[in-house]
Amino acid sequence: MQGDYLIPDLTVPESPKLGKYGMLRRTFLREHRDGIYTGMLLNGTLNSHLEEVDQQAQKMLDDLTEQMKALNGVTEQLKAEDQMRWVQMMNSIRHSAEEVILNDLIYA
């Protein structure tokens, strides 16, 4: 109560801890799947969905990177012998893994 007025005690909801992939998913839903985005926002499930997608994408990135490193023979020995070649291969692996994540998880 402030003078003659009743002022509600509002609190701001906690914002989700989103990384790169959660923000990409939110942007995709907002721009291309507006009905799903609005429905999830009204139900209150959007933030948990975005956090879950972000965690799944991060785990998928780690797993794919490790698998691709093993397939391509990227080792610590290569890193010690030829750093530039190792960096090139790791960048290529990371880019490939991110492309898979974007196609299968974010833009699906």
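Quantities reported herein were computed from a predicted structural model and do not represent experimental measurements.
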Task: Test side-chain contact (heavy atoms from CB on, under 4.5 Å) applied to Asn43 and Met40, step by step - done: CA-CA 5 Å; Asn43 289 339; Met40 292 178 88; 5.8 Å; no
TODO: Give, for atom CG of Leu41 and atom CZ of Arg26, the distance between the pair rounded to the nearest 0.5 Å.
DONE: 10.5 Å
- [ ] Quick one: closest heavy-atom pair of Met89 and Asn72, and the distance?
- [x] CE-O, 3.4 Å
Task: Closest non-hydrogen atom pair between Val53 and Leu105, with its separation - done: O-CD2, 3.9 Å
Open item on the list: Return the CG to CD distance between Asp82 and Gln77, rounded to the nearest 0.5 Å.
Closed with: 11.5 Å
TODO: Give a yes or no on whether His32 atom NE2 has more than 12 heavy-atom contacts from other residues, nucleotides or ligands under 6.0 Å away.
DONE: yes
Task: Side-chain heavy-atom pair Trp86, Thr75 within 4.5 angstrom cut-off - done: no
Open item on the list: So which atom in Ala57 and which in Ile101 form the shortest heavy-atom distance, rounded to 0.1 Å?
Closed with: O-CD1, 3.4 Å
Open item on the list: Regarding Glu51 and Gln55, do their side chains bring together a donor and an acceptor under 3.5 Å, going by distance alone?
Closed with: no
Task: Linked, directly or transitively: Phe28 and Val100 (ILVMFWY side chains, under 4.5 Å) - done: yes
Task: Spacing of Glu76 atom CD and Leu78 atom CG [to the nearest 0.5 Å] - done: 9.5 Å
Open item on the list: I'd like to know if the side chain of Arg25 reaches the main chain of Ile106, judged simply by a donor and an acceptor atom lying under 3.5 Å from each other, with no hydrogens or angles considered.
Closed with: yes
Open item on the list: Taking Leu18's backbone N and O only, do any of them form a donor-acceptor pair with Asp54's side chain (distance below 3.5 Å, no angle check)?
Closed with: no
- [ ] Output yes when a side-chain donor or acceptor of Thr38 lies under 3.5 Å from a complementary backbone atom of Gly35, and no otherwise.
- [x] no
Task: Rounded distance [0.5 Å steps], CG in Leu46 versus CG in Leu29 - done: 7.0 Å
Task: CD on Gln56 to CG on Leu61, rounded to 0.5 Å - done: 13.5 Å
Open item on the list: Other residues, nucleotides and ligands only: do more than 12 of their heavy atoms fall within 6.0 Å of CZ on Arg30?
Closed with: yes
- [ ] Kindly compute the distance separating CD (Gln58) from CG (Asp62), expressed to the nearest 0.5 Å.
- [x] 5.5 Å
Open item on the list: Assess whether a salt bridge exists between Lys20 and Glu98, defined as any Lys/Arg side-chain N lying under 4.0 Å from an Asp/Glu carboxylate O.
Closed with: yes
Open item on the list: Determine whether a donor-acceptor pair (N or O, by modelled atom type, separation under 3.5 Å) exists between the side chain of Asn103 and the backbone of Glu99.
Closed with: yes
Task: pair Met68-Arg94: side-chain heavy atoms closer than 4.5 Å - done: no
Open item on the list: What I'd like to find out is whether the side chain of Tyr21 reaches to under 4.5 Å of the side chain of Leu50, using heavy atoms alone.
Closed with: no
Task: Sidechain-backbone polar pair: Ser92 side chain, Gln88 backbone, donor-acceptor under 3.5 Å - done: no
